[in-house]
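What follows is a short report on a single structure.
Residue numbers begin at 1 in each chain, while the letters A, B, ... track the order of the sequences. No experiment lies behind these values; they were computed from the predicted model shown.
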Number of protein chains: 2
Amino acid sequence: MATIYDVSVLAGVSLATVSRVMNKNAKVSEKTAQKVQDAMKQLGYRPNAIAQSLASNRSNSVGILVSELHGPFYGSMMSGIEAELRTAEKHVIIAAGHSEEALEKEGIEFLISRRCDALILHVEAVSDEYLVELVKGDIPIVLINRYIAEIADHCISLNNELGGYYATKALLEKGHRQFAYISGPSWKMDAQERLKGHQRALKEFNVSYNDALTYEGDYQETSGSQGTSYLLEQSRPFTALVCANDEMALGAMTVLREKGIRVPDDISLMGFDNIFFSQFIHPKLSTVDYPIKQMGKMAACWTLKHTFNQAEHDITHIFTPSVVIRDSTQAV
Amino acid sequence: MATIYDVSVLAGVSLATVSRVMNKNAKVSEKTAQKVQDAMKQLGYRPNAIAQSLASNRSNSVGILVSELHGPFYGSMMSGIEAELRTAEKHVIIAAGHSEEALEKEGIEFLISRRCDALILHVEAVSDEYLVELVKGDIPIVLINRYIAEIADHCISLNNELGGYYATKALLEKGHRQFAYISGPSWKMDAQERLKGHQRALKEFNVSYNDALTYEGDYQETSGSQGTSYLLEQSRPFTALVCANDEMALGAMTVLREKGIRVPDDISLMGFDNIFFSQFIHPKLSTVDYPIKQMGKMAACWTLKHTFNQAEHDITHIFTPSVVIRDSTQAV
DNA sequence: TTGTATGCGTTATCAC
DNA sequence: GTGATAACGCATACAA
């Protein structure tokens, strides 16, 4: 693979000059520039980004850590980030943390070791302290879907508690008083918050929260199905089933249908996230909108502002969820 | 950020020794090794992967190019690749090509410039010639979902034509004789192949292919909806609707339901890909299984074999699709 | 077993 | 405007 040196020889100029025409950061005469361009083309020269990074101490890339590479949620997030960064001619480097502390740390190490100019992290397993410490380092870091007071200006998050509150309140206002709830993993902050919001809404309407009608899922379809089966077996009647995310709501819907329970006639079903598919399933799922794509975009803007000094971006740190009522809920 | 030099000074040894204990590739006495480890810990030393790459000419990472970062198809593919590579302690660098020639080339350039040790490409817009040429370069490249005869051993692909054939044949065997078809973008190879398979099956059963009952979609839900509306307007009856992928089938299902047309009672619906969601929608979608996750895994194995000399992997180059009959199809 | 010296492909700071 | 040349942080052949 041709190097800058080869180009300089062929063009009959110095290394420095070749570098200059590549980066257009200094005056080079029209004539020599042309010679260099020709030489580059002739050799099929491609700059070695690794060497560039080492020498310049910047890589024009931002690292992204997500829990999983699949799934509608992370997909939207990655797309939102990438789209914004691409317009700024920055690249993304993606790693997966799999919601495990060791892997999340390893992923972060990897991204730092690759000398990303900034990091966008969706982490769930590492501690607040670790993150606070990390942020003190010399590489700009922004957290997505996580709020830590001490480093609030590094956080782009959704008010999950409010979302949980809205979801349940919407049902309460439709007259529902008997609730079942399928939560996310209790160790995940967002799952906790959403449940808290659910409970707050219940309290506000003087409906007692029933622990026996709460099931802890893992945010996947299958656990939504299992949870629903479990809840139905409790033989305590409920008219509304709130799920902590759309995937589990989908699993729930499948089981309800199998058991001949009609949605929303017999049971109203509420999801969370508003993943793209939720509007295509039947009945169309009522849910809470999580503007993850915009948040990804915002995180990308944050990095542009803090790393690449594009000061024109206004950053929204906390996003507010909104209820989307479709066909899976009705008044009781 | 501490460098290897700082560590060597603190530990009172040479640069080379520090390098040795990092890479464990040469004998170092227990004692000095310990000193070095301590120094590294004390300084919070992290090796600079960029510098390592430059010096050693390998990066322990493989580059992946996908069309989009979102969507169930690419999500599964990326996950499959990453899972396999992680067990081999290799990292993954992902870029998006957005099915546009310029962006795909740019993405490839990026990955090469980052000195990935190998590339796994899902490209749709670049030409065969370009790829053949690319493969001649010094970096190992494997293509996923694309078959080019000249470089067949670099391809991991599905027999899309056969999939299309199976899909339609399954319906024909159930007695259907009036078909409508929603295809993918006609410039995409896999869309062409699937359509060909569809036509072959029809021919085999002496059913004439009707151009007026074919709609070209873009593989997205929305186009499935649009296509279905269009086909219905043709007022030429059909009992079976074959979609070139599951997302479009989902869009189709939504429209059919809105128009009061029952699936499968009035119209049988067939998808393609067997995305995870297809088993959770109602009625459960009959489809053609595209083992994209395993194919991703296989592509990863290919790179391990060709780049990192892990010869133990047996590579399957062409995967065979299989029909999955669920609830959206029935005999006529 | 350990140290020295050189090179990897660029950028950037000087001079001229 | 252009050309030497010293970094950048590490790996590695060669010595010791």
Each nucleotide in nucleotides 11-16 of chain C should get exactly one letter: B, S or -. Can you fill that in based on protein heavy atoms under 4.0 Å? SB----
Say whether A:Tyr219 and A:Asp190, considering side chains only, have a donor N or O and an acceptor N or O under 3.5 Å apart. yes
Report yes or no: do A:Ser76 and B:His70 form a side-chain donor-acceptor pair below 3.5 Å? no
By the 4.0 Å heavy-atom rule, please label B:Ser53 as base, sugar-phosphate, or nothing. nothing
Measure from [atom1] on [X] to [atom2] on [N] and round the result to the nearest Å.
| X | N | atom1 | atom2 | result |
| --- | --- | --- | --- | --- |
| B:Leu54 | C:dT10 | CG | P | 9 Å |
| A:Arg115 | D:dC8 | CZ | P | 13 Å |
| B:Asn57 | C:dT6 | CG | P | 21 Å |
| B:Glu30 | C:dT2 | CD | C1' | 16 Å |
| B:Asn48 | D:dA7 | CG | P | 18 Å |
| B:Lys31 | C:dT2 | NZ | C1' | 13 Å |
| A:Lys24 | C:dT10 | NZ | C1' | 17 Å |
| A:Lys27 | D:dG1 | NZ | P | 7 Å |

Do the ring centers of B:Phe319 and B:Tyr290 come within less than 6.0 Å of each other? no
For the aromatic rings, using the six-membered ring if either is Trp, is the centroid distance between A:His317 and A:Trp302 under 6.0 Å? no
May I ask you to verify if any side-chain N or O of [X] is less than 4.0 angstrom from the OP1 or OP2 atom of [N]?
| X | N | answer |
| --- | --- | --- |
| A:Thr3 | C:dG9 | no |
| A:Thr17 | D:dG3 | yes |
| B:Thr32 | C:dT2 | yes |
| B:Tyr45 | D:dC10 | yes |

Taking only residues two or more places apart in sequence or in another chain, which ones pass side-chain contact (heavy atoms from CB on, under 4.5 Å) with B:Leu134? A:Arg46, B:Ile108, B:Ile112, B:Leu121, B:Tyr130, B:Leu131, B:Ile141
Would you say that more than 12 heavy atoms from the other residues, nucleotides or ligands in this model lie under 6.0 Å from the NZ of B:Lys90, or not? yes
Is the shortest side-chain N to carboxylate O distance from A:Glu101 to A:Lys105 below 4.0 Å? yes
